[in-house]
Every structure is written in C-alpha cells, then in structure tokens.
Amino acid sequence: MAEPVVCLHDVRKAFNLGLANETEVLHGIDLTLERGEFCAVMGPSGSGKSTLLNIVGLLDRPTSGSLRIGGEETGALDDHALTRLRGHNIGFVFQYHNLLAGFTALENVMMPMLGDATFFNDGMAQRAAALLDSVGLSKWRDSRVTELSGGQQQRVAVARSLAMAPPLLLADEPTGNLDTKSADAVFEQLRKANREHGMAVLFVTHNPLLAARCDRIIHVVDGRLRSYA
C-alpha cells in the first residue's frame, strides 16, 4: 500500500511557549490524506484552520506530534531540508493570488521552476504554456497579470501551483474574493488537476456548496477535528 501523502498524529501547536499567555491552538490533530483525495476544510474564524494548513504546508512547525509528508518524517528536518521538501511536494493557492504584477501569466507560472535544477531547462516555457492551456488561459499567456480579471488571475495561480507537479495542493480560501461564476471556474480547475494528476487537495472554504462537491469534509472547531462528512 502506498504511503499517504499527508499523515498527522497527535499534532499540537502552541504560541508564546513558556509565557503567561501561552495558548495552544491545535489540540492533538490526527489526519491522513491519501493520494487523489479532495478534502474540504471548514470551520469558523479562529478555529485553527490556517494554523493547520501552515503546518501541513511546512510553513510552521508543530509544538509536538508527528507530521509525515510523502512518508518522510519532518520533525528532525532543518530549514533547508524543509524548503526543499515543500518545493517538490506542495503547491499553494491562496485567497490572494500573490502573482508578480510586472510579469506575464506565462512568466508567473514559470517562477517555481526557475530555482530548481530538476525543472530548470529549455522545456520550462512549454510546460508553463501547457499548464495555462489546462486552465483555459492559453490566449492570455503573454498578458501581464494586471490585465487579467480576478478569476483569470486566480487560475494563473492554480497553474503556477502545478508547476512542480506536486503530490499535494493546499488551497486556502482560493475562491473567497471571487464572484460565483469565477469561484466555480477556479474550483473546477482544482478538481480537474486533482483528477488528472492524482494529487491530494486540502481546500479551505466557507462555501458549503463547494465543500459538498469535495470527497470529504473536515470540520475544525476550537483546534480540534470535530467531524467528517
């Protein structure tokens, strides 16, 4: 049996350790995400969703517990090793697309590949162009991202998140600033990538209609996983 893409066991996260105002925000999280699984994460503001996503995305470290990404235990890795693991295994799509305004859509999608010898080659532009075509933006590949609509910019961000062919994609409310039509288009692009590439997806959302279209829903309440649906 293949290793899960993500495995958390008894993960806890506290801030201000050792101080009078020490606060634990994640309380013993157990979570496994298999390859090809598309999972919604829901919960009220302040419930711990973003902290959970930051830990899974190797942007923050848990205070205690075990986190395995692609079968590799991350607890003893230094910052360099974490950066490399993150770059090769995790794609990110945020609520704000975080594109580089002075560059074209094609150049933005190429950015993750530029610093990695595995992907830095003569085929980068072709790969980026194919990814833009996969999200329906081949006509706009040479347009500066400031010339695109909000929905188009977010689809560029989806294409960029796939540049390194990661087995895991983390989407933190990627449709939160979009109108209904654009939100649906971005969601469908994420679903398409999930189905065609077999990547696991954690999709944080407040939209129950989009969550209902996922394979599974995780509810985070007060730093705990309360239920699955």
Side-chain angles (χ1 to χ4, degrees), residues 1-7 32-41 53 56-57 69-71 85-95 97-99 104-114 116 118-141 145 148-175 178 180-205 207 209-218:
M1 181 180 294
E3 282 272 0
V5 176
V6 177
C7 186
T32 299
L33 193 66
E34 304 288 349
R35 183 170 179 81
E37 190 172 10
F38 197 111
C39 184
V41 180
L53 215 67
V56 173
I69 301 291
L85 184 64
R86 181 171 59 246
H88 279 266
N89 289 271
I90 306 173
F92 296 88
V93 185
F94 299 101
Q95 182 173 359
H97 49 73
N98 296 322
L99 300 175
T104 66
L106 185 73
E107 291 166 339
N108 268 275
V109 176
M110 289 173 62
M111 287 297 172
M113 296 183 269
L114 292 174
D116 191 284
T118 306
F119 288 84
F120 186 76
N121 55 51
D122 293 338
M124 286 190 305
Q126 289 86 347
R127 175 170 173 76
L131 287 169
L132 284 171
D133 183 57
S134 75
V135 297
L137 292 177
S138 56
K139 292 182 180 179
W140 292 273
R141 69 182 192 179
V145 293
L148 305 179
S149 69
Q152 288 172 327
Q153 290 175 340
Q154 197 63 303
R155 281 190 279 159
V156 173
V158 171
R160 180 184 59 187
S161 74
L162 304 176
M164 302 291 284
L168 172 63
L169 193 149
L170 303 179
D172 191 1
E173 299 192 50
T175 63
L178 302 178
T180 301
K181 182 177 179 181
S182 296
D184 186 72
V186 168
F187 179 87
E188 282 303 316
Q189 295 303 331
L190 292 171
R191 224 1 176 163
K192 178 182 177 184
N194 159 252
R195 288 167 174 156
E196 292 184 355
H197 302 287
M199 65 180 56
V201 180
L202 275 181
F203 176 74
V204 177
T205 182
N207 187 325
L209 297 178
L210 293 180
R213 292 159 64 181
C214 299
D215 299 329
R216 177 165 56 125
I217 302 174
I218 297 171

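Scope of the values below: all heavy atoms of this structure, side chains included, with no hydrogens, waters or symmetry mates.
Residues L99 and R160 have side chains in contact (heavy-atom distance under 4.5 Å, counting atoms from C-beta outward). The shortest side-chain heavy-atom distance between L114 and M124 falls under the 4.5 Å cut-off. Counting heavy atoms from C-beta outward, T32 and C7 have side chains that approach closer than 4.5 Å. Considering only heavy atoms from C-beta on, F187 stays 4.5 Å or farther from T205 through its side chain. Side-chain contact between V56 and L168: present, with at least one pair of heavy atoms (C-beta onward) separated by less than 4.5 Å. Using a 4.5 Å heavy-atom threshold, the side chains of L169 and N194 count as separate. Within the 4.5 Å cutoff, no side-chain heavy atoms of R195 are placed close to those of F38.
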Item to check | CA sep, side-chain torsions, deciding dist, call: R141, V109, side-chain contact (heavy atoms from CB on, under 4.5 Å) | outcome: CA-CA 9 Å; R141 69 182 192 179; V109 176; over 6 Å; no
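The shortest non-hydrogen separation linking P174 to V204 is CD-O, 3.9 Å. Closest approach of P167 to V5, counting heavy atoms only: O-CG1, 3.8 Å.
Between the CE atom of M110 and the CG atom of L131 there is a distance of 11.5 Å, given to the nearest 0.5 Å.
Not counting sequence neighbours, D172 has no partner by the salt bridge (charged side-chain N to carboxylate O under 4.0 Å, His left out) test.
Identified under the salt bridge (Lys or Arg N to Asp or Glu O under 4.0 Å) test for residues 180-194, with sequence neighbours left out: D184-R213, E188-R213, R191-D215.
A donor-acceptor pair is defined here as one N or O able to donate and one able to accept, closer than 3.5 Å; such a pair exists between the side chain of Q154 and the backbone of F94.
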